[in-house]
Amino acid sequence: MDGTNGIPINRARRSSSRGHGSSRARRGSFTPMYRRDSNVSTSSFLDEVEMAQDEMFSGPMGESVPTSVTSFAHRRGRADSTASFTYDPGEEEQQVLLPPEDESAIQDDESEIDFGDEDSIDLEAGELRLLRSDSMRTEGSNFGPGKRISQKIYVANEDLTIVVAAFRTSTLGFAIYTIICVLTLGLGYLLLRWLPRWQNQWGEFVIQDVDSKEYGQPLSTVFGSAEKRFALQYDEDYDPILEDLRILDYRYMRFSFHPLKDKFVLSNSWKDPTWTNVRSIRVGITGDEKDNRELVFGKNLIDIKEKTIPQLLVDEAFHPFYVFQIASLTLWSIDAYYYYAACIFLISVVSITTTLIETRATMRRLREISRFECDVRVLRNSFWRYIPSSELVPGDIYEVTDPALTHAPCDSLLLAGDCIVNESMLTGESVPVSKVPATDQSLRRLNLATSSVTPEVARHFLFCGTKIVRARRPQDDKADEAVALAMVVRTGFNTTKGALVRSMLFPKPSGFKFYRDSFRYISVMGGVAMLGFVVSVVNFVRLNLAFHLIIVRALDLITIVVPPALPATLTIGTNFALSRLRKKQIFCISPQRVNVGGKIDIMCFDKTGTLTEDGLDVLGVRVAQKPSTRFSDILADAISLLPRAGYERDPSVQYDFHKAILYTMATCHSLRAMDGELVGDPLDLKMFDFTGWSFEEGEQRSGDAEDEEQGGISPSIARPPAGMEYDLDDEDKNSTTHSPIELGILKSYDFVSQLRRASVIVRKFGTPGCDVYVKGAPECMKEICKPESFPSDYEELLAHYTHRGFRVIACATKHIKKLNWVKVQKMKRQEAESGLDFIGFIIFENKLKPTTTGVLDELSEAEIRKVMCTGDNILTAISVARECNLIDKTAHCFVPHFSEGNYQDPEARLSWESIDNSIYTLDEHTLTPLPPPAEDDASLPYEISNLRNYSLAVTGDVFRWLIDFAPSDVVNRMLACGQVFARMSPDEKHELVEKLQGIGYCCGFCGDGANDCGALKAADVGISLSEAEASVAAPFTSRVFDITCVPQVIREGRAALVTSFSCFKYMSLYSAIQFTSVSFLYASASNLGDFEFLFIDLALILPIAIFMGWAGPFPTLSRKRPTANLVSRKVLTPLLGQITICVLIQAITFIAVRKQPWFIPPHLDKEKSNIENSENTALFSISCYEYILSAIVLCVGPPFRQSMAHNLPFVVTIIVALLFSSYMLFEPPGWLSRFMQLTEMSWDFKVFLLVLGVGYFALAWISEHYILPRLARFLGTLNESITKKSKVRKQYKLILEEMQSLQ
């Protein structure tokens, strides 16, 4: 491959010769690589894009000075980059929808891209959806002027669109580029490095190699059975041989070139077509198969690539910031500013060294988190051997019970034995999870192309990186295996842990415009500098100065207007905020999100474990008693539920259902015994503790076993406590043999979120029949229970408890008289969970955390909207929401239900009714309240009186229907008014966050546990209350497990945001003041002295800028929010006003000093500037006051930051600077005057300068706080009246105003 873009392009090892080789190369094995007319030299791939610095840990630094981003070989595009985000504008409306049948995690299309009619995507403008537009497939190459063939791939689970583009090199273009680089002494290279979009439409920086290797294996060994079926369309009896394997690695994702489809295909979804039978795959693979699969999938390592120290140094040195610094240092040295240049050089060296140290530490930490390697006992070529885990490939069989194996080395499927694993690394919940062996049916269900593993397969799936708490060999005597076995299905970065590490390396862009706008402003200032350059050159030519002095002096203006320290000062507020958050046990891995936290409009909360305590206590049991079919009173303990002695029992009550619900609590759970203690779901633990029983774990069998051998003969057993060993009913039957009660769990069906229930088949030892016990959500019981088994007050009692915030679990049972072991194992779940008798409720109380209500009240006072997003019952969620003031206790809460159809029916209709009185309803189209019918009873609970400030509570199925089928205005109104979202699945939580962002909200999410990971990643600010490693998927992690972290993050975000603006305005004003001083002095060929520059930059500006950001956040959240738009009248008008005032003060000084009788004019020297003159001394003195006093004017206090009085370092710095500046003005000793090159001035003029400084401060203060803000508003009003364009407002505000107008 040749390079034409002026960037070194590495040669692909085999592609080059094939691309331009013989006819055999074009028509032989290489033919499928391109369309027949493409004539392309080689494939290319986008690796780096313009200023691609958004990786993890970059933070604001990634937008300004170079930081740890340079440590990674792979980079991502900035939010506003056009590289690889180009789409065909004619195809916007064609959305790529994931196929429901396989939920493919990758979509791709190929398109012809027209250079001349290209649009780009601004991610910050919310146009990401356009990336998914489906281009029309081209049937052949159409290379012509301005055309190229490309493949666009959307990776759904990464939310990433990438483009693979074939290209033709240009000898002429490469020659021109080389000439430009040489003639500009490398400047052309730097510009194209910084602005790659100038080279081509994609804006690539490095051309990625396509690695080609000899392969010679069937197509299905790379692309799986689905691709084999694709090949059969060409030849029904042939699985073609893939002679060459072409591989592309990008962002640690591997793509393989499919010769028949003529495109690259993501290779993380491969599944061996032979994986159909559990027994047949236990034999493992051969050494040859291992070698072939390692070629396709690579090593089983999550190894982050590092750059060497020299590479890091080069990247740092080539960053625009340091290139500008080097140019400035050279200029200052030529101008004999040796002391100043030396100081700046030392500071730059320290900065680069610190950056490199931090970068290395960051890389080391990431590698420690991600890299894992150990020895694994593997079955290869029918022999067991130990190999490094890095050599595992899909299809390998390894031993799980090896004591040395502490973590799952890859994504695997358990084939024999059972395991208990801790998946907190992935889910955030430190709840041990039991894994059971896979069956043939679950093996067939395994679909690695989906973005997540289905619950049915997850119970057999060992996720890479999860801790193996316990592994046991098969307990069945008939089992062939003496160890627990697992089969490798995914390795390296293709694993779930690999995807998690990728999310750390390449987080989604924050969409925050401040840093981008700041550099736009710098560009404008650069334009001002160029204007000053031209004016200075003209003036110096007029003064007939030496040519070298003209050039040096004019270029010096540019270094003054664009302050080199500006990018670094933008991060000061963020760094101080991060430090304060760490002290409060809140940790952040994405520093740029701190500022985003200051803009939060809405905060979503999970309920259990976030708003409420983690643990649930059993309040008691309400049994559906027989024969009355009425609920019993609340039974608060196991003795009350089932009395031990016959005389303690009520003779009018049949205790069969009491016994059944006790047996349900003792057997229907997911608990496992480990080191003599039970571990598992906290709710199951509380429920089992309520019974007082003991539990002996057997071998856990899968719920899908199909024959006796797979079933096993070692069930788990539950036994009653002492005093309840015998069943009184057995004694009443005068049984000849009395054996203690032992309940054997023959089969269990795990909890499935879609079904919302779990069940077990239990045999009481000594009896021929079996019992099915089911527990789950009360809503699902009517589908599986006999109608006559429900008490008449079922709904009323359920509403009674859920309205009061209790969590209710319903129980059901049925008895099967004769059922042997084989039939139990073959019984389908639908068969077991049907025709049941409802037996009662288990009631749990979930208490609010002590801090919850106070925090939510604080957010309400700040007018930050609060939303609950939970998987719990909707009435329970509403009750908790009212209790903690998340929704108004005095206002109606409307809940929708389907009056026609269901959530799968596009024609369904919703009815919105108040939970307090159903005659109060909402209009189904506008979602505004309808007046209640006059003839009905409109009475309400005494506290419900507010119909105007109503809220909505929505269940997951209704949310799904609204998103899929409802009109967009109804969806938007639901999003704008919905306060409680209940029975939400993890995917629905994720989607809710994205929909809220879609109507203009800056959305935060706070939660813990497995169900929140997707939403935490999708939110603008995600705060995890988990210490687990999965919390790295959220920008913030709080180790204080309550929601007090939320207002702290918002307060710190607001403080950091206004600090960034203050520092930016201050540094801009500093450069304007110095530019003004130098411009005045240039009029007479004078300038500031070396040590005057040094004093201003190091003694004044540096400490003031640093300590300006020292102030902490204001303790109270205000309703007012800080602006985040730098290019706005609200920011630029005051800034330009302050610059005008500074120029005015210096102009007065310049004019006044020239009129003094003692005035010492500058001596015109054509070879060097004259420093010691009255103009210099006067302008230097007044500018010192301006530098110091402008910091006070621009230092923001309440309502976002603490007042200046609390910022002691800043106050001390200001006082010392003022005293020393006044000392230099009034009584400087001789040595100081000589050192600073100051001249004598009269006492009266010195007083005049002091008064002028005070006057400047008064004018600047009044202007900043009173005049200039009003001027900005006036200009805004004037602009609207002239352009007839009103201010662009967020969509959710317009929706709410429209709804209020309809009431």
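Everything numeric here is computed off the predicted structure, so don't read it as measured data.
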Do Asp750 and Ser670 pair up side chain to side chain, a donor and an acceptor below 3.5 Å, judged on atom types alone?
no
Are a donor atom and an acceptor atom from the side chains of Thr876 and Ser879 found within less than 3.5 Å of each other?
no
Taking the six-membered ring for Trp, are Phe838 and Tyr794 parallel (under 30°), tilted (30 to 60°) or perpendicular (over 60°)?
perpendicular
Without placing hydrogens or testing angles, list every side-chain donor-acceptor pair under 3.5 Å for residues 622-629, not counting sequence neighbours.
| residue | atom | partner | partner atom | Å |
| --- | --- | --- | --- | --- |
| Arg622 | NE | Ser632 | O | 2.4 |
| Arg622 | NH1 | Tyr801 | OH | 2.8 |
| Arg622 | NH2 | Ser632 | O | 3.1 |

Within a 6.0 Å radius of atom CG on Asn277, are there more than 12 heavy atoms belonging to other residues, nucleotides or ligands?
yes
Please step through side chain to side chain contact (heavy atoms under 4.5 Å, CB included) for the pair Tyr903 and Phe959, ending with a clear verdict.
CA-CA 9 Å; Tyr903 72 96; Phe959 177 79; over 6 Å; no
Any residue meeting ring-ring contact (aromatic ring centres under 6.0 Å, His included) with Phe605, in chain and number order, not counting sequence neighbours:
none
Using the ring-ring contact (aromatic ring centres under 6.0 Å, His included) criterion, which residues pair with His669? Sequence neighbours excluded.
Phe688, Phe695
To the nearest 0.5 Å, tell me how far Leu443 CG sits from Leu413 CG.
6.0 Å
Separation between OG1 (Thr276) and CG (Asp440), nearest 0.5 Å, reads 7.5 Å
Salt bridge (charged side-chain N to carboxylate O under 4.0 Å, His left out) with [X]: which residues, sequence neighbours excluded?
X: Glu696; answer: Arg719
X: Lys786; answer: Asp837
X: Asp872; answer: Lys607, Arg807
X: Glu833; answer: Arg757, Arg829

Would you list the atom pairs, donor with acceptor, under 3.5 Å between side chains in residues 770-782 and any protein atom, with sequence neighbours excluded?
| residue | atom | partner | partner atom | Å |
| --- | --- | --- | --- | --- |
| Asp771 | OD1 | His815 | ND1 | 2.9 |
| Lys775 | NZ | Asp684 | OD1 | 3.2 |
| Glu779 | OE1 | Arg983 | NH2 | 3.1 |
| Glu779 | OE2 | Asn873 | ND2 | 2.6 |
| Lys782 | NZ | Glu795 | OE2 | 2.7 |

Do Val433 and Thr466 come close enough that some side-chain heavy atom pair is under 4.5 Å?
no
For [X], enumerate each residue passing the side chain to side chain donor-acceptor pair (under 3.5 Å) test, keeping only those at least two apart in sequence or located in another chain.
X: Ser789; value: none
X: Thr610; value: Asp1008
X: Asp964; value: Arg960
X: Thr612; value: Asn846

Do the charged groups of Glu697 and Arg470 touch, with an N to O distance under 4.0 Å?
yes
Is Arg473 salt-bridged to Asp418, going by a charged N under 4.0 Å from an acidic O?
no
Applying the side-chain contact (heavy atoms from CB on, under 4.5 Å) criterion to Phe841, which one of Ile634, Ile809, Val621, Leu797 satisfies it?
Leu797
So which atom in Lys686 and which in Val618 form the shortest heavy-atom distance, rounded to 0.1 Å?
O-CG2, 3.8 Å
